[in-house]
Every structure is written in C-alpha cells, then in structure tokens.
Amino acid sequence: MEIIECGNEVRVYGVTDFCLEHIFECGQAFRWNRSQKGYTGIAAGKVINVDYMEEDQVLILKGCTTDEFNEFWKHYFDLTRDYSQIKMDLSSNDQIMEEAVRYGWGIRILNQDPWETLISFIISANNNITRIKGIIEKLSRKFGKQISGEGNEGSPCYSFPSPLSLALADEEDLKACGCGYRGKYIKHTAGMVVNGLIDIYGLKNLSYEEAHRELVKCMGVGDKVADCILLFSMEKAEAFPVDVWVKRIMESLYIGHTIPKGKIKTYAKKLFGPYAGLAQQYLFYYAREKKIGKKE
DNA sequence: TCTCAGGACCTAG
DNA sequence: CTAGGTCCTGAG
C-alpha cells in the first residue's frame, strides 16, 4: 500500500478486492451516495468523497490528509484485511460461495461507529434502504451538527446526532423524521447509552456472545440487528445476521427447505467459521441483486 | 428456561 | 400489500 498526498486528496495505491458499488450497495452503510465521481459520504463527522480506479488499483480520497487516512479511513474501509485469502478459503469446496464471491468480489466490511450503527440498524428493522437513508438524513439535519463540506448538489451536511441529543429528543419529533414506532426505541436506547447502562464503545473487547447479549438489552435491538451492529462496527467477523434475503438463499441453495432463523445461524456459523459475516455479505449481495429465492 | 409461531406495528410507494 | 424485524403472547 503506497500513499501519496497532493492538494486536499490522498491517493492509495495497491488496493485490491475493492469496489465502491459493492461496498455501499450491500446494505451496511446508509450515509453514502453516488456522486459525479465515486461516492460522497459522512463518517466521523467528516464529509469525504472517494473514488476507485480498478485498472490502477488506486483509491482516491478527496477532503482527507495522509494522517487522517492512516488514523481513520484505512481501518474504516478495512484495508488491512486480506480479502483474497478469505475469499479463497470461503470458496474452496463451495460452488455457491464461489459464485457469490465472484459476483460481489469488491465487498469490504466497513468498520463504522458503534453508536451510529446501533441507531441506524434499529431504524432498519422492518424497513427498506431508501427509507432508512431518508430517516437518518432527517434525524441528522434535526439533531446533528452542521459540518463543513457539502453533499450532492451543494447541500449542507450534518453529523450523526449524539446520544444525548437523541435521549433528550421529543418522541414526537423523532416520529416526525419518519421513525414511526421506532422513535420510542431510539429515545430509550439513547437513554441507556447516556446513562452508561450499556458501554457501546467497550463491547468490541468482549467476546461475540457476551457483546450480543449486551446489545439485545437495548430496546429495538433483536438478534438480527445485534448481529449487524457486531459485524459492521465491532469487528466481529463471525456474526451472521439472518435477514429475509439470507434466509431465502440459505434455504433455497444450501438447506433445501424452510427452517427457523435460529437454526440457519447455527448452520452457517458451522459452515463458514470465523468469517461467517463476510460470507453473509457475499450471499446477501448476490441474493438481492439476482433476486434469488424471491417469491413470485 | 428455551424455542418457535403469529399478530401488531409507522410509512412510502 | 410489501419492505434487511422486534416486541409481546401463548404453546409445546
């Protein structure tokens, strides 16, 4: 990995197994949008534009310094993990996974902020991506802070709201952002964070099982949402979130009949091992793009 | 205790 | 009527 900084952009050479569309369209992050070039998004209270040239294996980050890249974005994009090796391990002796990996070859599991991920995935329950993104944008505009930089069409950008701001928020104001019945969950969970009833930044130091047990104590966090938070913000690559798409593809391509979600998770963790979460992402992207298992 | 089903639930399209 | 589920009950 070679880094060159010029002007306000950083170029990172030697980046492989990387595709922005795969990364941002696989349902793990909600604050990134396609722009003229690449994607523009907000993370860690900063606006940034990223673009990637496959032929040169170069990742370009606009609005970023070398220090910021090394201290934050390198880990955010999970650039130190060897995806080639993991993809080979997952694909050996597994035709289905081989196909899924070939399809979503550039997926990376982002290392996002635990607090933002917690609330984002509470919102994701029984919801669709378009609406999830809209709700998070409205929440940020209402309860976040304006930050420098601009989004698409020069629109102002807002950081994700702090725990305190959502804990103090009027439930009706949360609902006005489109949260619906999840407004109560958000306020309640934000309160738990503020009061120290859950230490979301310490959870990654616990085992997968312990951290999962803690997370489901939060209102609005069930088994699936907890697994998403663990996978996308707490470096638990073994977490295997079972949503409808993954349930369908596991049932139709691996198991052959319908079975309860809990058993799918056990089955998958045994089959895919410590990188079950990455397997889940490849399967999810593959299933959703190809509409596999979708009933007519 | 623990697992599994079934219904209710905001809201935009 | 559906969409990346959770909460709440009740049954086994």
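Letters go in sequence order (proteins before strands), and every chain restarts at 1.
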Contact residues, residues 181-190 of chain A to DNA chain B [heavy atom, < 4.0 Å]: Tyr181(A), Arg182(A)

5'-most by nearest nucleotide on DNA chain C - Phe284(A) or Val216(A): Phe284(A)

Value in whole Å for how far the C1' atom of dG5(C) lies from CD1 of Ile129(A): 14 Å

Distance-only donor-acceptor check, side chains Thr40(A) and Asn33(A), under 3.5 Å: no

Lys133(A) NZ: over 12 foreign heavy atoms closer than 6.0 Å: yes

Plane angle bin for Tyr76(A) and Trp32(A) - parallel if under 30°, tilted between 30 and 60°, otherwise perpendicular: tilted

Aromatic plane relationship, Phe18(A) with Tyr52(A) - under 30° parallel, 30 to 60° tilted, over 60° perpendicular: tilted

Side chain Glu9(A), main chain Leu61(A), donor-acceptor under 3.5 Å: no

Candidate list Tyr103(A), Tyr39(A), Tyr282(A), Trp105(A), test ring-ring contact (aromatic ring centres under 6.0 Å, His included), partner His22(A), passing option: Trp105(A)

Backbone N/O of Ala169(A) and side chain of Lys187(A): donor-acceptor pair under 3.5 Å: yes

Cation-pi geometry met for Lys269(A) and Tyr208(A) (6.0 Å, 45°): yes

Those residues of residues 217-238 of chain A lying under 4.0 Å from DNA chain B by at least one heavy atom: none

Contacts of type ring pair (Phe, Tyr, Trp, His ring centres under 6.0 Å), residue Phe69(A), not counting sequence neighbours: none

Rounded distance (Å) that lies between atom P of dG5(C) and atom NZ of Lys265(A): 15 Å

Aromatic plane relationship, Tyr254(A) with Phe272(A) - under 30° parallel, 30 to 60° tilted, over 60° perpendicular: perpendicular

Touch class at under 4.0 angstrom, heavy-atom based, for Ile122(A) against every strand present: nothing

Sidechain-backbone polar pair: Arg182(A) side chain, Leu174(A) backbone, donor-acceptor under 3.5 Å: no

Residue pair Arg31(A) / Ser159(A): nearest heavy atoms and the distance that separates them: NH1-C, 3.7 Å

Chain A footprint on DNA chain B, 5' to 3' - any atom under 4.0 Å from a heavy atom: dC4(B) to dA12(B)

Bracket string, DNA chain B, 5' to 3' - pairs by Watson-Crick or G-U geometry under 3.5 Å, | interstrand: .||||||||.|||

Distance (rounded to the nearest 0.5 Å) between Asp173(A) CG and Lys138(A) NZ: 13.5 Å

List, with names and distances, any nitrogen or oxygen atoms from the protein found under 3.5 Å away from nitrogen or oxygen atoms belonging to nucleotides 10-12 of chain C.
none

Spacing between Arg131(A) atom CZ and dT2(C) atom C1', to the nearest angstrom: 12 Å

